[in-house]
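Every heavy atom of this structure was used, including side-chain atoms; hydrogens, water molecules and symmetry mates were not. Quick caveat, the model's predicted, so the values are computed rather than measured.
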2 protein chains.
Amino acid sequence: MSHAGKKRKLDKSRQDRLYFDSYADVTIHEEMIADHVRTNTYRTAIHLNSECIRGKVVLDVGAGTGVLSIFCAQAGARKVYAVEACSISEQAEKIVRQNNMDDRVEVIRGTVESVELPEKVDVIVSEWMGYALLHESMLNSVLCARDKWLRPGGIILPSKAELYISPICDPVVEDRLHFWYTVKEQYGVDMSCMYDFARKCIMNSDITVNTVTVEDVLSHPARFAELDLYSVTAEELRSVKGRFSCGSFGSAAVNGFCVYFTVTFSCSDKPQTLVLSTSPFKPETHWKQAVLYLDSPEEVKQDTLVTGEVCMYPSEESDRHICIHLEYAIGEEKRQSKTFSIPDWSSDSQS
Amino acid sequence: MSHAGKKRKLDKSRQDRLYFDSYADVTIHEEMIADHVRTNTYRTAIHLNSECIRGKVVLDVGAGTGVLSIFCAQAGARKVYAVEACSISEQAEKIVRQNNMDDRVEVIRGTVESVELPEKVDVIVSEWMGYALLHESMLNSVLCARDKWLRPGGIILPSKAELYISPICDPVVEDRLHFWYTVKEQYGVDMSCMYDFARKCIMNSDITVNTVTVEDVLSHPARFAELDLYSVTAEELRSVKGRFSCGSFGSAAVNGFCVYFTVTFSCSDKPQTLVLSTSPFKPETHWKQAVLYLDSPEEVKQDTLVTGEVCMYPSEESDRHICIHLEYAIGEEKRQSKTFSIPDWSSDSQS
């Protein structure tokens, strides 16, 4: 008996305070800074774009510990406004001072929607991406900053986000389900009738954040959506969708799909680009991949077409929580659909 | 940016429903059944006590999937009442039927406080232990069942619980803290000033549920409390306390204490006993150990005495959530104290 923290619900009136309070804990910042793919790609992108940054004014949206702001100052920015709503901004101030950047980096505690800057900015930098790109993401804040504070012709780092999907076969969950067939041998009690219940529980409509192994990916990933950060609107983010078509590598049982994203850094005047990828084919990041499990597995052979459409939209309960509606057809099978959300302990799904 | 589910709060009016709903998920039952130490010790204890069970009436408090009830039926019980408040009771019914035990095992959905049984029972069996023994434990329900339904002279399995404490040195958290000194070398930004903040965040007043490695334990564990399930009262559970004294094995920096428990199965008329131990010196269980971190580490040498007093009591917010008040003195240092609780996302500690 021990089930602490399994399913929790949230008093909605407290959501906003929580959102900004949760950053006060050091663990999430440690995880983000220690994510080498993330931090090094931002660092390299900022230094590669130093021509666009040198002597310019930068706004860092959701600055956290201020590390991206300091990268921008190191790249020659005249001034960096590091806007952070959470109390971690106090640490950002200390870090800025420790690096002797306090003449150039100004930490401002507040939401980017409410802060008043003394000037427009030439560059917006932000690490706004959440699980499945849009879960609890700060993209709306970045767009707000763009519309309010970015000078015409200014740049946004990163400037593009792309979403990908691929059918997968996750053998770990199948092993978990098989466990119930092994109980009789272990303890002399037949619990095989738990299999169906376990499948319903595990292959549920939660978006699972998990590391997908390369061998479990059953096709080349298909890009189903692209967001141009210079032009996308908050309204458009209320429904990010696209079709996909994947040809299966070989024979397997599809038991889910994996969704992941990339973001691309590029100066508008240069062909040189840099991509931060959360693909299962690339080194792991703290975002891992978003996994959508099907109710029951379906067989594919080599070149079986897996087609469909994905739609991502904010949940009714909270704008920050993402839902994914998936329609798919596997080979000649009829089209099916399933709607997923990240368990946020604020919905009534358990009632 | 990605901090889903870090710190959540709970609408208190929903606590009770949640408590019973959280069991509906299969994962916790899978974890409990797959915990070989737990399930095999119960199985062996029930079969060893078959003389006390054969032909008798058993009450299983918080039966879950019903596995302990079936063990009792296999040990010869005439009748087993498997009381379970959560919807997992529906699975328990199926499992009982699948094992052809429905003539002997009766699954009853309800709390043991409210169910009406047609008869008194000879044996109470329950796996009621939570993290740190008492966190979200069902012990109060077991005591209620004992007082209401156990025939005079009846037996309780297990019949005794003991609590232990030991000073530890956890090098993993020290490595985590040291991380902030490595950022400059990795990314060219000095973040060493985060060290103090990180220590405050990590060495906080949360009870951490973690696996303590044998090498990290700095003394023989000291028993500080014992609960006799035949006699302990709900009132006594409101303050479970005791003193301890440990002699350090060697030179080390104490940065925390680990608390764990054992429960003992014995028939009143037999000397033969069986112990389910969650000691770091024994094979791991899903309970792991409860770790209490000190604000700052303190040096010990061989035979340095570490003494103190532990008091465990329910939190003000919820009877099911445990607090641990620790008073300790290390060698000649003056006595210190710190109060811990398991983060339950229902307190206001983050505000």
Side-chain angles (χ1 to χ4, degrees), chain A residues 1-11 14 17-18 21-28 30 33-34 39-40 43 62 65 67 70-71 74 91 94-95 98-99 127-131 135-138 176 179 183 187-194 197-198 201-202 286-287 342 344-345 350-351, chain B residues 1-11 14 17-18 21-28 30 33-34 39-40 43 62 65 67 70-71 74 91 94-95 98-99 127-131 135-138 176 179 183 187-194 197-198 201-202 286-287 342 344-345 350-351:
Chain A
M1 211 298 300
S2 198
H3 61 293
K6 289 300 297 174
K7 291 279 173 186
R8 299 292 179 180
K9 303 197 183 195
L10 190 61
D11 178 352
R14 289 167 164 173
R17 186 158 58 85
L18 271 177
D21 276 352
S22 63
Y23 268 71
D25 187 82
V26 75
T27 306
I28 183 66
E30 184 185 328
I33 305 277
T39 308
N40 270 330
R43 187 184 184 205
T65 53
V67 66
I70 292 172
F71 289 158
Q74 288 172 337
Q91 306 305 316
K94 285 184 198 163
I95 292 164
Q98 184 164 34
N99 289 274
E127 198 277 81
W128 52 268
M129 298 86 76
Y131 294 124
H135 184 70
E136 296 204 334
S137 98
M138 289 189 300
R176 280 190 60 186
F179 164 76
V183 176
Y187 304 120
V189 176
D190 188 346
M191 297 187 94
S192 57
C193 64
M194 283 288 282
F197 174 71
C201 288
I202 296 173
H286 77 286
W287 287 284
I342 289 196
D344 56 24
W345 302 280
Q350 282 284 307
S351 61
Chain B
M1 210 299 300
S2 200
H3 60 293
K6 290 303 295 174
K7 289 280 172 187
R8 300 292 179 179
K9 304 196 184 196
L10 191 62
D11 177 351
R14 289 167 163 174
R17 188 156 57 83
L18 272 176
D21 277 352
S22 64
Y23 269 70
D25 186 83
V26 74
T27 305
I28 183 66
E30 184 184 328
I33 305 278
T39 308
N40 270 331
R43 187 184 183 205
T65 54
V67 66
I70 293 173
F71 290 158
Q74 289 172 338
Q91 305 307 316
K94 286 183 199 163
I95 292 165
Q98 184 163 35
N99 289 275
E127 197 278 78
W128 52 266
M129 299 84 78
Y131 294 124
H135 183 70
E136 297 204 334
S137 98
M138 289 189 300
R176 281 189 60 186
F179 164 77
V183 176
Y187 305 119
V189 176
D190 188 346
M191 297 187 93
S192 57
C193 65
M194 284 288 281
F197 175 69
C201 288
I202 297 173
H286 77 286
W287 287 284
I342 288 198
D344 57 22
W345 301 281
Q350 281 283 305
S351 61

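- Side-chain contact between B:Ile202 and A:Glu30 is present, with at least one heavy-atom pair separated by less than 4.5 Å.
- Rounded to the nearest 0.5 angstrom, B:Gln74 CD and B:Arg43 CZ are separated by 6.5 Å.
- With values rounded to the nearest 0.5 angstrom, B:Met129 atom CE is found 15.0 Å from B:Glu136 atom CD.
- Heavy-atom distances place both the backbone and the side chain of B:Tyr187 under 4.5 Å from chain A.
- Both the backbone and the side chain of B:Asp190 come within contact range of chain A, each with at least one heavy atom under 4.5 Å from a heavy atom of that chain.
- The most heavy-atom pairs under 4.5 Å with chain A, out of B:Asn40, B:Val189, B:Thr65, B:Ile70, come from B:Val189.
- Counting only heavy atoms from C-beta outward, the side chains of A:Val183 and A:Met194 never approach each other to under 4.5 Å.
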